[in-house]
Amino acid sequence: MDKFSVTNLAVGTRGTAKEFLAAHTRDFLGQYGFKTQMFEDLMVFMSVKTKYGEMVVHKGDFLVYVGKGIWSLSRKCNK
């Protein structure tokens, strides 16, 4: 299975933003509320829709898809 053969994103799917980008195409993730803003070949930022509104995501942040385009976001803890 490759990133082009996935047809849906199951509720409860979890991982870091970096893992989601490695496993799925940006267009596919965009259908589920995971947005990326590009400038030429450089990714400027990523964001997801949460129950609190749209939030910026960093590559190490932990995400859980909760359905209907809504994500749960946990910030990476720097210790």
Side-chain angles (χ1 to χ4, degrees):
M1 180 172 83
D2 63 10
K3 65 169 67 177
F4 298 104
S5 65
V6 178
T7 58
N8 68 345
L9 189 62
V11 171
T13 303
R14 59 186 70 222
T16 64
K18 185 177 181 179
E19 292 169 341
F20 275 104
L21 288 171
H24 306 288
T25 64
R26 286 178 173 82
D27 290 336
F28 174 79
L29 290 171
Q31 296 173 5
Y32 293 92
F34 187 110
K35 300 176 186 173
T36 56
Q37 182 64 43
M38 303 288 289
F39 177 73
E40 295 179 5
D41 290 334
L42 176 68
M43 184 170 22
V44 179
F45 72 89
M46 301 175 285
S47 66
V48 294
K49 185 177 177 184
T50 70
K51 67 180 184 178
Y52 302 110
E54 194 164 353
M55 307 265 309
V56 172
V57 177
H58 301 277
K59 286 192 175 191
D61 291 347
F62 193 76
L63 298 164
V64 179
Y65 183 67
V66 296
K68 297 184 180 179
I70 305 294
W71 295 78
S72 172
L73 172 64
S74 299
R75 296 287 182 195
K76 178 181 175 183
C77 186
N78 293 326
K79 290 186 178 183

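Side chains included, hydrogens not; waters and symmetry mates left out as well; all remaining heavy atoms used.
- Applying the salt bridge (charged side-chain N to carboxylate O under 4.0 Å, His left out) rule to pairs touching residues 55-67 yields Asp61-Arg75, sequence neighbours excluded.
- In the hydrophobic clustering of this structure, Phe62 does not group with Met46; members are Ile, Leu, Val, Met, Phe, Trp, Tyr whose side-chain heavy atoms approach within less than 4.5 Å, directly or through other members.
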Between Val66 and Lys51, is a side-chain contact (heavy atoms from CB on, under 4.5 Å) present by the stated rule, with each step listed? CA-CA 10 Å; Val66 296; Lys51 67 180 184 178; over 6 Å; no
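- Contact detail for Ile70 and Tyr65: the closest heavy-atom pair is O-CD1, 3.6 Å.
- Under the side chain to side chain contact (heavy atoms under 4.5 Å, CB included) criterion, Thr50 pairs with Val48, Tyr52, Met55, Leu73, sequence neighbours left out.
- Judged as a salt bridge (charged side-chain N to carboxylate O under 4.0 Å, His left out), the pairs with a partner in residues 9-37 (not counting sequence neighbours) are, in order, Lys35-Glu54.
- For Trp71 (side chain) and Ser47 (main-chain N/O), no donor-acceptor pair under 3.5 Å exists by modelled atom type.
- The minimum heavy-atom distance between Leu9 and Tyr32, with the atom names listed, is N-OH, 3.4 Å.
- One distance of note links CD of Gln31 with CG of Asn8; it measures 10.5 Å at 0.5 Å rounding.
- In this structure, the separation between CG on Leu21 and CZ on Phe34 is 4.5 Å, given to the nearest 0.5 Å.
- Clustering of Ile, Leu, Val, Met, Phe, Trp and Tyr side chains at separations under 4.5 Å places Val44 together with Phe39, Phe45.
- Phe28 is connected to Val57 through a chain of hydrophobic side-chain contacts under 4.5 Å among Ile, Leu, Val, Met, Phe, Trp and Tyr, so both are in one cluster.
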